[in-house]
Amino acid sequence: MSGPAQPADIYRFEPTATAAGLATKHAELEPGRETDESVTIAGRLMLRRGQGKLAFGQLQDATGRIQLFVPSDVTPYFEEFTALNLGDWIGVTGDVMTTRKGELSVKVRDWCVLAKTQRQFPEKWHGIADVDTRYRQRYLDLVVTPESARTFRMRSAMISLMRRWLEDRDFMEVETPLLQPIPGGALAKPFVTHHNALDLELYLRIAPELYLKRLVVGGFERVFEIGRVFRNEGLSPRHNPEFTMLETYAAYWDYSDQMRLTEDLTAHLATELLGTTKLAYNDRELDLTPPWRRATLTELTSTAIGQPVSIDMAIDDLRALCVTHGVDVHPHYGPGKLLLELYEKTTEHTLWGPVFVCDYPKEVSPLARDHRSQPEMTERFECIVAGRELCNGYSELVDATEQLARFRDQAAKSDYDDEAMAVDADYVRALEYGLAPTAGLGIGIDRLLMLLADVSSIRDVILFPTLRPEQNA
RNA sequence: GCGCCUCUAGCUCAACGGCAGAGCAACGGACUCUUAAUCCGCAGGUUCUGGGUUCGAAUCCCAGGGGGCGCACCA
């Protein structure tokens, strides 16, 4: 039998070089030079140009592309080589050289077929324009859309950098339950599931918060978790039902310390990944250089609507203001909820940021500690960047009695608010054993990456976003 | 869940009430320095699905499906 080695016979292959590695090593090689450096390289054939008794190819591996130089008097099975389909995986061995025009190439002395594609590849120049195809067939998107592959490599690098940065500051990575009997730590609708052996309703976590603070009670003074959370809510360019959060908790800290952590960590990531903290997002300048602006929710809202508001103004006046600005007011809204709604309706989307919006009403912050000087408010912040929430943090509520009261307050709302929290008695018990002053932070990893990678849909930073199943796949 | 837009060859796109087409890919051929190579040839279709209007529908209308964006919910 004659021909190159075929996939059926190849179980293992050992490349000795990569496209990017060769490009770096031979950046100085002048046009028309041949070396005696023999390399073995593997990847997908993405372009092929026949030239009679000479052929050229572009091989794409995990690091980039390199040209293959294929003369019929050097390369065995020349006919078979020119019959390859775009998208086939091949392995080649040959000498590093440059063409007369100076293109770095590998002159193929031997080659084999590692995998044949049975489907035609998308158009080599335009790639895939249909985003539905890109999301459903991400494997194909990654091959033919360089920006997409770049974004997901950046995601991996970003998470790795985060881990290292936190570990360098004595934060310890932990894992807490995804299946929770009482979904807590955020105001959101959970996914429900069932455990057969225990005959128990369980919920996919909406946040790891309450478990992480239990660990601080346990003496793990600085912890973090990077993991998936699930919220049973609508999809949008900024929402996917499962997304990734970083949460950190540090004993002895207050919310100012967490704000500093947020800006320092983000600036570090931007510097490492992009080489700068001054980026462009959606064609608009975005300067992440610390320190970031700090302003209170109350003053930002007052500025936005052009008149002073506060949580202690007469509730009827606050209600009237909300109605004026188009907020859908419910009768059970207290002043805190009204103020928050007014802020979200009129102010949040106008903040390009980055800005730390500080001091949220107690009514809407059931896990945050009372503000040290402002009654009815808590020491809580959200960071707004490009008009949307990037993170949420606070000085943690450490008083068990107060926490139980806040939980009961929440539970009382469950009749009309399906996002209200349930009472978590064990969490209260944990607090009864004593929680040192502590501050916590949650950052949406996907949204952070959207900023750094300059993409406007969350589906561009999640490898396999949630989609309706195909009907006739 | 509601509103607007969209769906044509493997891919990227034309045709916009009058014979469904091009480029790339695929297939056959020419070419020993190409760069999205070029040239010649050939093949490729349930125009998302189902109804309707019309002499005639990819095109107009209705219903359904997929997707995008906006609103609402939220991070």
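Everything numeric in this text was worked out from a predicted model, so none of it was measured. Below, chains carry the letters A, B, ... as their sequence lines are ordered, and counting in each starts from 1.
Of the listed nucleotides (rG67(B), rC73(B), rU12(B)), rC73(B) has the atom at the smallest distance from the side chain of Glu233(A). For Asp132(A), counting side-chain heavy atoms from C-beta on, the closest listed nucleotide (rG67(B), rC33(B), rG10(B)) is rG67(B). Closest to the Tyr135(A) side chain, of the nucleotides rC69(B), rU12(B), rG68(B), is rG68(B). Between rU32(B), rG67(B), rU12(B), one nucleotide has an atom nearer to the side chain of Val131(A) than all others, and that is rG67(B). Which of rC73(B), rA72(B), rA25(B) sits closest to the side chain of Lys345(A) comes down to rA72(B). Closest contact between the side chain of Ala129(A) and the listed nucleotides rC11(B), rA75(B), rC13(B) involves rC13(B). Of all nucleotides listed (rC69(B), rA72(B), rA26(B)), rC69(B) comes nearest to the side chain of Arg459(A).
Side-chain nitrogen and oxygen atoms of Arg468(A) include at least one within less than 4.0 Å of the OP1 or OP2 phosphate oxygen of rG67(B). Taking side-chain N and O atoms only, Lys124(A) has a distance below 4.0 Å to OP1 or OP2 of rA25(B). Between rG66(B) and Arg136(A), no contact under 4.0 Å exists linking OP1 or OP2 to a side-chain N or O. Side-chain nitrogen and oxygen atoms of Asn85(A) include none within less than 4.0 Å of the OP1 or OP2 phosphate oxygen of rG10(B). Arg48(A) has a side-chain polar atom (N or O) that falls below the 4.0 Å cut-off from OP1 or OP2 of rA26(B).
Residues Glu34(A) and Pro122(A) both approach RNA chain B. Their nearest nucleotides, taken by heavy-atom distance, put Pro122(A) toward the 5′ side. Mapping Arg447(A) and Ser457(A) onto RNA chain B by nearest heavy atom places Ser457(A) at the nucleotide closer to the 5' end.
In this structure, rU53(B) forms no base pair with any nucleotide, since neither Watson-Crick nor G-U wobble geometry is met with both distances under 3.5 Å. Remark: rC2(B) base-pairs with rG70(B); criterion is Watson-Crick or G-U wobble with both hydrogen-bond distances under 3.5 Å.
For the C1' atoms, the distance linking rA43(B) with rG50(B) amounts to 31 Å, nearest Å. Straight-line distance between the P atoms of rG51(B) and rU59(B): roughly 14 Å, to the nearest whole Å. As rounded to the nearest Å, rA30(B) and rC42(B) have C1' atoms that lie 15 Å from one another. The gap from the P atom of rU32(B) to that of rA15(B) amounts to 41 Å, rounded to the nearest Å. With both ends at atom P, the span from rA58(B) to rA20(B) equals 8 Å, rounded to whole Å.
Across Pro335(A) and Ile311(A), no two heavy atoms sit closer than the pair CB-O, 3.7 Å. Counting all heavy atoms, side chain and backbone alike, Ala250(A) lies closest to Gln258(A) at N-NE2, 4.0 Å. Among all heavy-atom pairs drawn from Arg205(A) and Gln180(A), the shortest one is CB-NE2, 3.3 Å.
Whole-Å rounding puts the Arg49(A) CZ to rU32(B) P distance at 16 Å.
Here Glu382(A) lies out of heavy-atom contact (under 4.0 Å) with every strand. In this structure, Leu47(A) reaches the sugar-phosphate backbone alone: every heavy-atom distance under 4.0 Å involves primed, P, OP1 or OP2 atoms, never a base. Residue contacts shown for Arg134(A) are absent, as no nucleic acid heavy atom lies under 4.0 Å away. Across all strands, Gln51(A) comes closer than 4.0 Å to base atoms (heavy-atom distances). Note on Asn240(A): a base of the nucleic acid sits closer than 4.0 angstrom, heavy atoms only. In this structure, Gly50(A) reaches the bases: a heavy-atom distance under 4.0 Å links it to at least one base atom across the strands shown. Among the atoms of the strands shown, none is found under 4.0 Å from any heavy atom of Asp446(A). Looking at heavy-atom distances under 4.0 Å, Gly234(A) makes contact with a base.
Annotation: cation-pi geometry not satisfied between Arg138(A) and Phe464(A) (NZ/CZ under 6.0 angstrom from ring centroid, within 45° of ring axis). Arg284(A) forms no cation-pi arrangement with Tyr281(A), by the criterion of a distance under 6.0 Å to the ring centre and an angle within 45° of the ring axis.
Between Tyr255(A) and His371(A), the two ring planes are perpendicular [angle over 60°; tilted spans 30° to 60°].
Shown are Thr98(A), Ile66(A), Val96(A); of these, the side chain to side chain contact (heavy atoms under 4.5 Å, CB included) with His26(A) is made only by Val96(A).
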